[in-house]
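Step one of this worksheet: look at the structure below.
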Amino acid sequence: MLFSWSALAENDALSVSHPPQNGLSGLTIKVCGNSAYPPVSWLNADEKIDGVNVAVIRMLLEPLGVTVDARQNSNWRRCLKEVELGNVDMLSGFKTTKRQRFLTYLDAPVIRESIYLYYPIEHPLVFKDWKALSGLRVGLLMGDSFGNEVDAALHEYPNLELVSTQDQNLLKLADNRLDVVPMGKLSGQLDVHRLGLEGKIGHTKTDVSDFWYLAISKKSPLVNWLPFLNQRLDKLLKEPDTVSELVERYRRIYNTDLGLSGEFDY
């Protein structure tokens, strides 16, 4: 990585030279995430969840003496289940009523994600509303959520196809085996570039734009320090350039790790 976490800890204004007796030091915290949303969250070649959100988790916890274990051998739906069971401590994602049954969300949102519709370039779409997609072949990543109302509409679609990876969706779009796939703006364009599908897949903006939050399993010992962690995260994210610099850093890391080159507009 291009980032020195030890240097960060030394200069972290939120850390202290003698950590408080809060019981956090020495803990190992397991995290997992969505494998399909670079540069915010993706599974790297070492089978570890990577990206902006994990970087923020590390900045939040590692200066306190917490070890962050980011190894992940599951898809996003399984990640959610492992957190629900208490086998994983933290993840990042959109806030939904269903997830709040087993997750406690930290207060400060990390990053806003705009949701776009991706479609075969020969069959362009203009977004009107989510109901207008109900007669189309819609590809959806298992476990993905775009808010309570949109989720409810999507799961009424007769031609909804659930897949475990976003690559499956994009390749189906390129072959005209799907009509539309909703996914994040940043991640969608990076993945279209990675798969060499520019010129085959187009995109258009929807009315959904939501925030990624950090969330703790209600079965994790971390919930005991929720007010303290909320205070740290709030101070961390108030630095105006923190997230924008992480987005650019992890966009480069994602491209470099995959041997990609070339620049394009988001």
Side-chain angles (χ1 to χ4, degrees), residues 1-5 8 29-63 66-80 82-83 88-95 99 103 105-106 108-116 141-146 164-167 169-170 183-195 209-216 229 233 236-237 239 241-260 263-264 266:
M1 294 176 60
L2 303 178
F3 216 63
S4 170
W5 297 109
L8 173 68
I29 296 302
K30 293 184 179 181
V31 302
C32 67
N34 196 314
S35 61
Y37 277 79
V40 178
S41 179
W42 82 91
L43 198 62
N44 66 25
D46 296 326
E47 293 191 334
K48 293 181 179 180
I49 201 68
D50 210 342
V52 173
N53 289 344
V54 174
V56 173
I57 290 173
R58 292 187 185 280
M59 294 167 74
L60 179 70
L61 295 177
E62 287 186 342
V66 176
T67 298
V68 175
D69 181 355
R71 291 173 295 176
Q72 180 172 329
N73 59 3
S74 64
N75 60 28
W76 175 228
R77 184 168 68 172
R78 187 63 200 177
C79 165
L80 290 166
E82 290 296 317
V83 174
V88 173
D89 298 278
M90 288 189 75
L91 56 70
S92 60
F94 290 176
K95 188 185 295 185
R99 293 175 186 175
L103 288 169
Y105 287 83
L106 275 70
V110 176
I111 185 172
R112 181 184 288 275
E113 178 85 61
S114 295
I115 301 301
Y116 277 41
L141 184 69
M142 290 187 293
D144 236 349
S145 172
F146 306 108
S164 59
T165 71
Q166 221 50 294
D167 284 11
N169 276 332
L170 292 173
M183 60 187 298
K185 176 187 178 183
L186 291 174
S187 57
Q189 294 184 37
L190 275 171
D191 282 341
V192 167
H193 178 63
R194 173 176 58 84
L195 293 170
S209 182
D210 209 342
F211 285 102
W212 291 80
Y213 288 85
L214 303 186
I216 301 171
L229 295 175
L233 182 63
L236 178 66
L237 295 177
E239 292 295 326
D241 297 327
T242 296
V243 172
S244 60
E245 289 178 358
L246 286 172
V247 168
E248 178 58 23
R249 181 184 303 277
Y250 281 92
R251 185 190 66 79
R252 292 198 306 267
I253 289 172
Y254 182 74
N255 280 336
T256 300
D257 284 353
L258 294 169
L260 301 175
E263 299 293 330
F264 54 95
Y266 292 110

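What you are looking at is a predicted structure, and each value in this text was computed from that prediction instead of being measured. Every heavy atom of this structure was used, including side-chain atoms; hydrogens, water molecules and symmetry mates were not.
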Hey, could you give me the [atom1]/[atom2] distance between [X] and [Y], rounded to the nearest 0.5 Å?
| X | Y | atom1 | atom2 | answer |
| --- | --- | --- | --- | --- |
| Leu106 | Ser92 | CG | OG | 11.5 Å |
| Ile253 | Glu248 | CD1 | CD | 10.5 Å |
| Leu214 | Leu103 | CG | CG | 11.0 Å |
| Leu186 | Tyr116 | CG | OH | 9.0 Å |
| Leu195 | Asp167 | CG | CG | 4.5 Å |
| Asn73 | Ser35 | CG | OG | 12.0 Å |

Tyr37 and Trp212 aromatic centres sub-6.0 Å: yes
What I want to find out is whether Lys48 reaches Asp46 closely enough, with some N-O distance under 4.0 Å, to be called a salt bridge. no
Non-neighbouring partners of Arg77 that pass salt bridge (charged side-chain N to carboxylate O under 4.0 Å, His left out), sequence neighbours left out: none
For Arg112, what residues pass the salt bridge (charged side-chain N to carboxylate O under 4.0 Å, His left out) criterion, not counting sequence neighbours? none
So which heavy atom on [X] is nearest to which on [Y], and how close?
| X | Y | value |
| --- | --- | --- |
| Gln166 | Asp144 | NE2-OD2, 3.9 Å |
| Ala36 | Ser187 | O-CB, 3.6 Å |
| Val31 | Ala70 | CG2-CA, 3.7 Å |
| Asn75 | Ser164 | ND2-CB, 3.9 Å |
| Val68 | Arg58 | O-NH1, 3.6 Å |
| Tyr250 | Trp42 | O-CH2, 3.6 Å |

Verify whether one side chain among Arg99 and Tyr105 offers a donor that lies under 3.5 Å from an acceptor in the other. no
Would you say that [X] contacts [Y] through its side chain, given a criterion of any heavy-atom pair below 4.5 Å between the two side chains?
| X | Y | value |
| --- | --- | --- |
| Cys79 | Val88 | no |
| Ile115 | Glu113 | yes |
| Pro39 | Val247 | yes |
| Phe94 | Asn34 | no |
| Asp191 | Pro38 | yes |
| Leu91 | Glu82 | no |
| Ile216 | Leu229 | yes |

Given side chain to side chain contact (heavy atoms under 4.5 Å, CB included), test Val56 with Leu233 step by step and report yes or no. CA-CA 8 Å; Val56 173; Leu233 182 63; 3.7 Å; yes
Are the side chain of Gln72 and the backbone of Gly33 linked by a donor-acceptor contact shorter than 3.5 Å? yes
